[in-house]
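Please read the structure below before turning to the comments.
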Amino acid sequence: MGLTKIAVIGAGLMGSGIAQSLAMGGKEVLLYDSSGKALEKGGAAIRKSLDRFVKSGSLTEAESGEVLQRIRPVHDVWSTVKDAWLVIEAVPESLSLKKLVFEELDRLAPVEAILATNTSELSVTAIAAATERPEKVLGMHWFNPAPVMKLIELVKGEDTAQETIERVQDVSREIGKETVVVKDRQGFVTTRAIAAHMLECMRMYEEQVAEPEDIDKAIRLGLNYPMGPLELADLVGLDTMLFVCEGMAAAYGDRFLAPQSLRKLVEAGHYGRKTGKGFYTYAGQRETSPS
Ligand SMILES: CCCCCCCCCCCCC[C@H](O)CC(=O)SCCNC(=O)CCNC(=O)[C@H](O)C(C)(C)COP(=O)(O)OP(=O)(O)OC[C@H]1O[C@@H](n2cnc3c(N)ncnc32)[C@H](O)[C@@H]1OP(=O)(O)O
Ligand SMILES: NC(=O)c1ccc[n+]([C@@H]2O[C@H](COP(=O)([O-])OP(=O)(O)OC[C@H]3O[C@@H](n4cnc5c(N)ncnc54)[C@H](O)[C@@H]3O)[C@@H](O)[C@H]2O)c1
């Protein structure tokens, strides 16, 4: 029997959601995080999300249990990847960190395994160059919350083989997701677009054009976005926001420069929902007031 498993490296906001999405699509998933605490937290996030699906009637209790059975938390990288045909990385948005992780994955994963990065905007080509298998490396950009969002943005590095793209298109379709294929340019399509929108809204926040909740309400109800920019930033994580701004500003210049107030929130450790405070304050994951 060939390689049948899918490995996810990083069990944070995205890695846990990615593992859940794959398991909801019937795939056997191994989930690893360098922090045991984060691995436990990721498991709790998966159970919380599955409860939402059961409450909304999309899943039965039995189906929810079957999904959980398909996700195996693992405490070392080799055990996570040794039987995987696809390895998906979801560690923090740092190019140096991702390169280190890909060097390790290249050493430990089966030679025929595809290695995918969930980076929001970093160079897939540069990440692939940290391996001996650039033709098997691609960007597999999921969206938060991964179990709910329909799209996976596939990014073709300079040396990504067409067969690699097609195999990941197939598995994305099998789990009920839609894909687009984009060139490896900083920010791809989605991050470059959403960053432009969110940064302009952040500048309006800094200029006090309106109260935070009115900025969000205006975008939500006036433009029919499911979430306003500030509440979305708190969901995605202000740490990730800042990482992304730095990458985008390096590529495209000042128009993507991180606003000072974003940097200050991150410096203060206020990352949004995941720390309980960002643009808003959250008591037990329920919004209480603008911070
Ligand atoms: C302003 C600062 C600017 C700074 C500079 C910007 C530059 C950087 C910009 C890019 C950053 C990286 C981007 C990243 O790579 C790509 C992305 O992910 S972009 C974000 C894409 N996602 C969205 O746009 C989400 C939009 N929102 C929605 O679709 C919906 O609101 C929702 C999230 C699906 C929730 O819908 P509802 O369920 O109807 O609303 P609720 O109120 O019930 O949900 C709130 C709560 O529950 C979570 N949730 C809901 N359903 C589920 C589920 N089934 N599984 C998991 N989680 C679920 C939701 O996320 C909320 O979170 P929680 O409170 O549970 O923690
Ligand atoms: N947050 C979002 O909405 C979102 C959406 C799409 C893509 N992304 C991208 O996904 C990636 C992860 O983002 P996130 O929001 O899930 O971050 P996160 O901080 O929630 O999770 C990252 C996890 O990686 C773990 N980790 C760190 N170093 C590791 C290592 N060497 N090996 C294994 N695990 C390690 C951390 O312990 C943490 O649990 C980033 O590249 C980000 O840009 C984020």
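Every value quoted in this text rests on a predicted model; they were computed, and no experiment measured them. Residue numbers count from 1 along this sequence. Just so you know, ligand 1 is whichever comes first in the structure, and atom 1 is the first atom listed for that ligand.
The residue Thr190 has no part lying near ligand 1, judged by heavy-atom distances below 4.0 Å. With a heavy-atom cut-off of 4.0 Å, Thr240 touches ligand 2 through its side chain alone. When heavy-atom distances to ligand 1 are checked against a 4.0 Å cut-off, Leu235 comes that close only through its side chain, counted from C-beta outward. Neither the backbone nor the side chain of Phe243 has a heavy atom within less than 4.0 Å of ligand 2. Here Met248 has no heavy atoms under 4.0 Å from ligand 1, in either its backbone or its side chain. When heavy-atom distances to ligand 1 are checked against a 4.0 Å cut-off, Cys245 comes that close only through its side chain, counted from C-beta outward. For Lys41, no heavy-atom contact with ligand 2 is shorter than 4.0 Å. Contact annotation for Val77 and ligand 2: no heavy atom of the residue comes within less than 4.0 Å of the ligand. Counting heavy atoms under 4.0 Å from ligand 2, residue Val101 touches it through the side chain alone.
In summary, the atoms of ligand 1 found under 4.0 Å from a heavy atom of Leu232, numbered by their order in the structure, are 20 (C), 23 (C), 24 (O), 25 (C). Shown in contact with Val244 at under 4.0 Å from a heavy atom are these atoms of ligand 1, numbered in order with element: 8 (C). Close approach to Ala90 involves these atoms of ligand 2, each under 4.0 Å from a residue heavy atom: 12 (C), 22 (C), 23 (C), 24 (O). In summary, the atoms of ligand 1 found under 4.0 Å from a heavy atom of Leu199, numbered by their order in the structure, are 5 (C). Less than 4.0 angstrom separates some heavy atom of Ile9 from each of these atoms of ligand 2: 33 (C). Every atom of ligand 2 is numbered from 1 in the order shown, and the set under 4.0 Å from a heavy atom of Ala38 is 37 (O), 39 (O). Using a 4.0 Å cut-off to heavy atoms of Leu13, the atoms of ligand 2 that qualify are 1 (N), 15 (O), 16 (O), 20 (O). Listed by number with element, the atoms of ligand 2 under 4.0 Å from a non-hydrogen atom of Lys274 are 18 (P), 19 (O), 20 (O). Atoms of ligand 1 lying under 4.0 Å from at least one heavy atom of Met227, given by number and element, are 26 (C), 27 (N), 31 (O). Counting atoms of ligand 2 from 1 in the listed order, those under 4.0 Å from a heavy atom of Glu93 are 40 (C), 41 (O), 42 (C), 43 (O). Contact atoms of ligand 2 toward His141: 6 (C), 7 (C) (distance under 4.0 Å to a heavy atom of the residue). Ligand 2 places these atoms under 4.0 Å from at least one heavy atom of Thr119: 41 (O). For ligand 1, the atoms lying closer than 4.0 Å to a non-hydrogen atom of Ser120 are 12 (C), 14 (C), 15 (O). Counting the atoms of ligand 1 from 1 in the order shown, those under 4.0 Å from a heavy atom of Phe53 are 54 (N). Set against the non-hydrogen atoms of Ile194, the atoms of ligand 1 under 4.0 Å away are 10 (C). Applying the 4.0 Å criterion to heavy atoms of Asn144 picks out, from ligand 1, the atoms 18 (O), 21 (C), 22 (N), 23 (C), 25 (C).
A salt bridge does not link Glu121 to Arg185: none of the charged side-chain nitrogens sits closer than 4.0 Å to a carboxylate oxygen. Looking at Asp106 and Arg133, a side-chain N of the basic residue comes within less than 4.0 Å of a carboxylate O on the acidic one, giving a salt bridge. Using a cut-off of 4.0 Å between Lys/Arg side-chain N and Asp/Glu carboxylate O, Arg203 and Glu206 are scored as not salt-bridged. With respect to the salt-bridge test (charged N to carboxylate O, under 4.0 angstrom), the residues Arg173 and Asp170 qualify. A salt bridge is absent between Glu28 and Arg72: the closest approach of a Lys/Arg side-chain nitrogen to an acidic carboxylate oxygen does not fall below 4.0 angstrom.
Donor-acceptor pairing under 3.5 Å is lacking for the side chains of Gln169 and Ser172. Side-chain contact of Gln20 with Ser49: a donor-acceptor pair under 3.5 Å is present, judged by distance alone. Of the N and O atoms on the side chains of Thr119 and Thr117, not one donor lies less than 3.5 Å from an acceptor on the other residue.
Checked by distance only, ligand 2 and Pro92 stay at 3.5 Å or farther apart across all their nitrogen or oxygen atoms. Taking any N or O of Glu89, backbone or side chain, none lies under 3.5 Å from an N or O belonging to ligand 2. In terms of polar-atom proximity, Lys48 is counted as a contact of ligand 1, with an N or O under 3.5 Å from an N or O of the ligand. Residue-to-ligand polar distances place Lys98 within reach of ligand 2: an N/O pair is separated by less than 3.5 Å.
Considering only non-hydrogen atoms, atom 55 (N) of ligand 1 lies nearest to Ser49 out of Gly237, Ser49, Ser21.
The aromatic ring centres of His197 and Tyr225 sit less than 6.0 Å apart.
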